[in-house]
Amino acid sequence: MAQIFLSYSSEDRARVLPLVEALEEDGYTVWWDREIHPGPSFDREIEKAISEAECLIVVWSEKSIDSEWVRSEVEEGVRLGILVPVLIDAVMPPLAYRRRQSADLSEWAGERDGEYQKLLNGIQATLSAEVSDAIAGQPTQSAPRRRRRSRLTVGAPLFAFALLAALATGYVAAFLSSGKEQKDEVTVTRLEIILPKDTTINRNTYNPLAIMPNGEAVVFNVIDRSGRNRLFVRDLDSLEARPLSGTDEAGSLWQSPDSEWIIFNDPDTQAYRKMRVVGGASIAVAPSTGSIRGLSWALDGTIVLANESEPALMSIEEDGSLMPLTEPVDGTLHWYPHLINSGRELLYSSVSGPQDQREFEIRVLNLDSREDKPLVEGKQPLLTTSGHLLFVREGVVWASAYDAARSQVYGKQVPVLESAWSTGSEVKGLGLSDNGTLVYVQLPQVQGRELVWVDLDGSVMETPLSQTYPTVPRLSPDDSTVVFHHGEHNGDPDLWMHEFDRRVTTRLSFEEISVLPDWSADGARIVYTAGKAGQFHVAIRTADGTGNSTRLTDDSDFAQVATMVGDQSTIVFQRCSTTANCDIFQVSADGGKAEVLLDSKFSEEAPRVSASGRWIAYQSNESGRYEIYVRPFPNVEDGRWQLSSNGGYFPVWSRSDDRIFYVSVGSDQPGANASPEIVAIAFDETEGFSPGRPTQVLDVSGYEWRTGRGFRNFDISRDGDRFLMVRSRENQNRIVVVQNWFEELERMVPTRH
């Protein structure tokens, strides 16, 4: 068993060797082997060495201050009350550990006096267990020091005499100060990250922003004018952001604790994938089901996530499977995980109550003892290296001091950030590095989306719609009314209806989630998707809102409504599997068993049946990218025509049955779809299906022509001469960077005593 555990960066091995040799010559045993191969055995060796050591020396250098391994070891040294710090570079230790005066060996050449003697004094004070915790630099709130046997080495009588003399002169107190710290002038600076041209922050994800723990890079998710989203990386020492290839349609994202990787949700493959920050191929790590409510990645490799489809928090196993980590009781949900204490403890929010009256309580769970206790009211917990617990209440970031030894908050609770972008009561787009660099998406001055009419010449006319987030609009057969889902009402989307002439907006549905509406040909009924996260079914109800809705398929279908056949007897919809491929089905408008129309190893999506009921159009990726195809209906095997040749999405038949419209993206390659166009193709059906040449109708750049989930976000008027589009009313989102934010945070919420 070694007396001293030496924590340092492996890149400093040659520089640390003289210190190890000096300590061993002075009679100490030192554990400092960094040649063990990383892995489970490596972790166990480190834990064993620290648990057996009687003193932990941390060597702060330009390399080690950014090392997650070193910080993890230091946290354990603090917890055990055995930490003694050393400087070998002129660096500022992380803020949480600056209260401990360090021996400065940056210019040490092997002398046994001066700063080296200060180090020996600190070591012996720790080994002897005769100096109080206050002298050892421990806050009075910390856990009791580990009881140990005094082990004075050779020369102990001389040291004891020197120690008494040092105490008399205040020498040891000057070295290992009790809460007294150097007051360095640190400036809090603010700057802004300029987003790539013609992009905005992706508002359709839970977490579109992350900063690496070392504070060197920010990753963010943006949407361009065409509606395509992707990830970009901005190194903070660079002037421009660079795209991460292979992240088209990526969703929420998080960072690894070693600052090397990001992990993101990929709706296309319904998987969580990880990718290096420098770029490269992404790797699937686990399946993704349902809406996301948080993810956390610990230094030991543990990844914990929250899916709305599961009440418990789930851990990702080595084989990629998901295993429950917590045990919710009494109908509660567990969201917003945040691993702390090197993955040994877990902060999370316990969610209780009905959906429109949910209550959120932040709790801390010890994953070893399973002790679980409440902390504060709130959600989205984040423990900082400065000793603060951040959390969210009603869309505002609050903070309180946090005692890691006792796993409890103390002192006052203060709102510390009110300008971060939030939807409802949840903050979206917030990140904090270990060194105190804060990044967040600025709350826009004007919020919301609007529905606008756009003519063929591009002229725009606004609609007097009061709702602020209309999505997936669908026009009634006579264009007098629009039904849409409103994603900001009580956190989940409901169906709403707006009558243009009367300027009246009413709520139509009351299920947990109601989306993707479509009208019957006579305007009397609405068919739509209903259910909850991960479990959706096809439903139908009267358009005047009377009576109850009728369920037409089971929840397990994961059905997404596309269209009602003109004679109103049949509903055609897509059903998507866990592999992200979709197939096309039909079901009677009176209910019953759904039947397959089109299925293959490719994805067939967005089906639309013509007004005559003779043809079905859809998009498929069978060629390697999405194109538009037409087949006879209902005998789909009797013919097949490919309409687009340069990438196509969302076919829509004109109600006069003389044209078919779709969106041409110009190319399906990442970043190449700068000018998406709505294209029209005239056709003749007197003798079979005979399509004409594509004609560009309207440039939809600048409009949100599709949602983040890949559904059509516009509709076409009865005469086919104008389009109901969705347009953002927000100013472009800004990413704000605050460097040295811990200094500001400490002034608002003191942790030092």
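- With sequence neighbours excluded, the residues forming a side chain to side chain donor-acceptor pair (under 3.5 Å) with Asp544 are Thr542, Thr546, listed by chain and number.
- At a cut-off of 3.5 Å, with distance as the only test, a side-chain donor of Asn265 or Ser288 sits close to an acceptor on the other residue.
- Remark: Asn548 pairs with no residue by the side chain to side chain contact (heavy atoms under 4.5 Å, CB included) rule, at least two apart or across chains.
- Partners of Phe500 according to the ring-ring contact (aromatic ring centres under 6.0 Å, His included) rule, which considers only residues two or more places apart in sequence or in another chain, are Trp453, His498.
- Among the candidates Leu698, Val454, Asn713, the single residue satisfying the side chain to side chain contact (heavy atoms under 4.5 Å, CB included) test with Tyr703 is Val454.
- One side chain, Glu604 or Ser600, offers a donor N or O that lies under 3.5 Å from an acceptor on the other.
- With Phe723 as the partner, the side chain to side chain contact (heavy atoms under 4.5 Å, CB included) test is satisfied by one option alone out of Val652, Asp715, Leu475, Leu456: Leu456.
- Between the side chains of Arg659 and Ser654, not a single donor N or O lies within less than 3.5 Å of an accepting N or O.
- Leu382 is linked by a side chain to side chain contact (heavy atoms under 4.5 Å, CB included) to His338, Leu390, Leu432, counting only residues two or more places apart in sequence or in another chain.
- Both the sub-6.0 Å distance and the 45° axial angle are satisfied by Arg706 relative to the ring of Tyr649.
- Paired with Asp518 under the rule salt bridge (charged side-chain N to carboxylate O under 4.0 Å, His left out), one option of Arg474, Arg712, Arg608 passes, and it is Arg608.
- One finds a salt bridge joining Glu361 and Arg363 here, because a Lys/Arg side-chain nitrogen approaches an Asp/Glu carboxylate oxygen to under 4.0 Å.
- Salt-bridge check for Lys601 with Asp583: failed, with every basic side-chain N at 4.0 Å or more from each acidic carboxylate O.
- Annotation for Arg614: atom CZ counts as buried by contact number, over 12 foreign heavy atoms lying within 6.0 Å.
- Side chains of Thr553 and His537: a donor-acceptor N/O pair is absent below 3.5 angstrom, by distance only.
- A cation-pi contact, defined as under 6.0 Å to the ring centre and within 45° of the axis, links Lys379 to Phe360.
- For the residue pair Asp330 / Thr332, no side-chain donor-acceptor distance below 3.5 Å is found, with atom types taken as modelled.
- Using modelled atom types and a 3.5 Å distance limit, the side chains of Asn202 and Thr205 yield no donor-acceptor pair.
- Scored by the side chain to side chain contact (heavy atoms under 4.5 Å, CB included) test, Glu462 finds Glu450, Val452, Arg727 as partners (sequence neighbours excluded).
- The closest side-chain heavy-atom distance from Pro324 to Met314 is below 4.5 Å.
- Using the six-membered ring where Trp is involved, Tyr629 and Tyr618 have ring planes that are parallel, under 30° apart on the 30 and 60° scheme.
- A salt bridge is defined here as a Lys NZ or Arg NE, NH1 or NH2 lying under 4.0 Å from an Asp or Glu carboxylate O, and Arg507 with Asp494 meets this definition.
- With Asn221 contributing its side chain and Gly251 its backbone, the two residues share a donor-acceptor pair below 3.5 Å.
- Residue Glu622 qualifies as enclosed at atom CD: its count of foreign heavy atoms under 6.0 Å is above 12.
- Residues that satisfy the side chain to side chain donor-acceptor pair (under 3.5 Å) test with Arg393, not counting sequence neighbours, are Gln413.
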